[in-house]
Q: 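Mind having a look at this structure? Questions to follow.
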Amino acid sequence: MTESRILAVDLPAGLRQYVPAQNPQPDPVEQELIDRTRELGGVAGMQVSPAQAALLRFLVGLTGARNVVEIGTFTGYSTLAMARALPDGGRLTACDVSREWTALGQEAWEKAGVADRIDLRIAPALETLRAMPAEPRVDMAFLDADKEGYIAYWEELVPRMRPGGLLVVDNTLFHGEVGDPGATGAAAHIRAFNDHVRADRRTESVLLALEDGVTLARRL
């Protein structure tokens, strides 16, 4: 998501400029991609924020991930951030169903010199995941796709994660609507997903009030 969307948890007015200024700022390639995505109109809200992109890049470096899977690429800002942190020989499998939107990302990946690290799969993500071999194990996964599919994606990802592998999931507060027991639509799907993750003994997880909610889960 971008700054233009209503955050589930907002910052006090005095921190809304201070906190972003303390984080790494988008470079020219990233900024161009952000700007081109905004030109798409309302769907631009699906793009991760610069803070989330910085976090993803940091987490790839922190975990030493070499094999990364992304479910939901959109225009490729998150993909770009993670690919830049991969070590030599690292690989990122990016799953999406839109050639139009991912084409913007492909241009940015080429400009940033990381296109050779990214394997873009244009197909339903469940098909891509189910076709993946058991090895190599996944070191890190980022889930930011259709909310009704989150549990199914989770169930395909968790068995493929190496012990200690990290799953990062976006939109787990869904504009604050998940707090309503009577939530409907996508919020209800996210509420069910959060319950599913909390009950999963294969992982340990924390839900962070960052942007629209980010869940971090470690494979045990």
Side-chain angles (χ1 to χ4, degrees), residues 1-5 19-123 125 128-129 132 138-146 153 157 165-171 208 210-216:
M1 58 167 292
T2 65
E3 310 91 321
S4 62
R5 288 179 60 176
V19 171
Q22 305 309 305
N23 291 325
Q25 302 302 300
D27 72 3
V29 174
E30 294 169 341
Q31 189 60 54
E32 180 183 8
L33 181 56
I34 291 169
D35 294 340
R36 293 188 67 188
T37 301
R38 284 175 177 159
E39 293 172 1
L40 297 175
V43 295
M46 294 193 294
Q47 187 180 62
V48 298
S49 71
Q52 288 171 303
L55 175 63
L56 289 169
R57 184 172 182 173
F58 179 83
L59 290 173
V60 171
L62 180 68
T63 59
R66 299 181 60 87
N67 184 22
V68 177
V69 174
E70 176 181 63
I71 309 300
T73 297
F74 188 41
T75 58
Y77 184 17
S78 53
T79 325
L80 173 59
M82 291 187 288
R84 281 180 151 170
L86 286 172
D88 290 342
R91 197 75 176 158
L92 191 160
T93 302
C95 305
D96 207 282
V97 294
S98 173
R99 294 188 183 277
E100 175 187 2
W101 291 340
T102 55
L104 294 178
Q106 288 178 294
E107 292 180 27
W109 306 339
E110 289 284 353
K111 290 178 181 178
V114 297
D116 61 337
R117 305 177 186 180
I118 301 167
D119 180 10
L120 176 63
R121 308 283 185 91
I122 301 295
T128 300
L129 288 172
M132 285 183 174
V138 178
D139 300 311
M140 179 171 154
F142 178 49
L143 174 53
D144 185 16
D146 55 295
Y153 298 138
L157 285 167
L166 179 66
L167 297 103
V168 185
V169 188
D170 197 15
N171 303 119
L208 306 177
L210 168 68
E211 303 287 8
D212 196 33
V214 174
T215 292
L216 303 180

Q: In Å, rounded to the nearest 0.5 Å, how long is the span from CG of L62 to CE of M140?
A: 9.5 Å

Q: What I'd like to find out is whether the side chain of D170 reaches to under 4.5 Å of the side chain of E211, using heavy atoms alone.
A: no

Q: Any non-hydrogen side-chain atom of L56 less than 4.5 Å from a side-chain atom of M82?
A: yes

Q: Keeping the roles fixed (side chain from Q52, backbone from S49), state whether a donor-acceptor pair exists under 3.5 Å.
A: yes

Q: Please check: side-chain N/O of W109 versus main-chain N/O of G76, any donor-acceptor pairing under 3.5 Å?
A: yes

Q: Is any side-chain heavy atom of L59 closer than 4.5 Å to a side-chain heavy atom of L216?
A: yes

Q: Please name the pair of heavy atoms, one in R38 and one in A44, separated by the smallest distance, quoted to 0.1 Å.
A: CA-CB, 3.8 Å

Q: Evaluate the criterion side chain to side chain contact (heavy atoms under 4.5 Å, CB included) for residue pair V68 and F142; output intermediate values, then yes/no.
A: CA-CA 8 Å; V68 177; F142 178 49; 5.8 Å; no

Q: Hey, are the side chains of E39 and L104 touching, using non-hydrogen atoms and a 4.5 Å cut-off?
A: no

Q: Could you report the tightest heavy-atom contact between P87 and R66, atom names first, then the distance?
A: CG-NH1, 3.6 Å

Q: What side chain to side chain donor-acceptor pair (under 3.5 Å) pairs are there with at least one residue in residues 87-100, not counting sequence neighbours?
A: none

Q: Scan for ring-ring contact (aromatic ring centres under 6.0 Å, His included) pairs involving residues 49-104, sequence neighbours excluded, and state none if there are none.
A: F74-W101

Q: What I'd like to find out is whether the side chain of T75 reaches to under 4.5 Å of the side chain of L40, using heavy atoms alone.
A: yes

Q: Tell me the closest heavy-atom pair linking T128 and C95, and the distance in Å.
A: CG2-SG, 3.7 Å

Q: To the nearest 0.5 Å, what is the distance between CZ on R84 and CZ on R117?
A: 9.5 Å

Q: Could you check whether any side-chain heavy atom of I71 comes within less than 4.5 Å of a side-chain heavy atom of L129, counting everything from C-beta outward?
A: yes

Q: Show the nearest heavy-atom pair for residues L86 and A65, with the distance to one decimal.
A: CD2-O, 3.5 Å

Q: Between the main-chain N or O of D27 and the side-chain N or O of E30, is there a donor-acceptor pair closer than 3.5 Å?
A: yes

Q: Which heavy-atom pair separates T63 from V60 by the least distance, and what is that distance?
A: OG1-O, 3.3 Å

Q: N171 and side chain to side chain contact (heavy atoms under 4.5 Å, CB included): which single residue from T215, L143, D212 fits?
A: D212

Q: Quick check: closest heavy atoms across V29 and A108, and the distance to 0.1 Å?
A: CG1-O, 3.6 Å

Q: Just list the side-chain donor-acceptor pairs under 3.5 Å for residues 19-26, sequence neighbours left out, or say none.
A:
| unit_1 | atom_1 | unit_2 | atom_2 | d |
| --- | --- | --- | --- | --- |
| Q22 | NE2 | Y18 | O | 3.4 |
| Q25 | NE2 | P20 | O | 2.9 |
| Q25 | NE2 | N23 | O | 2.6 |

Q: About how many Å separate OG1 of T102 and CD of E107, when rounded to the nearest 0.5 Å?
A: 10.5 Å

Q: For T79 and L92, what are the C-alpha separation, side-chain angles and deciding distance, and is it a side chain to side chain contact (heavy atoms under 4.5 Å, CB included)?
A: CA-CA 8 Å; T79 325; L92 191 160; 3.7 Å; yes

Q: State, with a plain yes or no, whether a side-chain heavy atom of P50 is found less than 4.5 Å away from one of I34.
A: yes

Q: Could you tell me if the side chain of V69 sits less than 4.5 Å from the side chain of M132, heavy atoms only?
A: yes

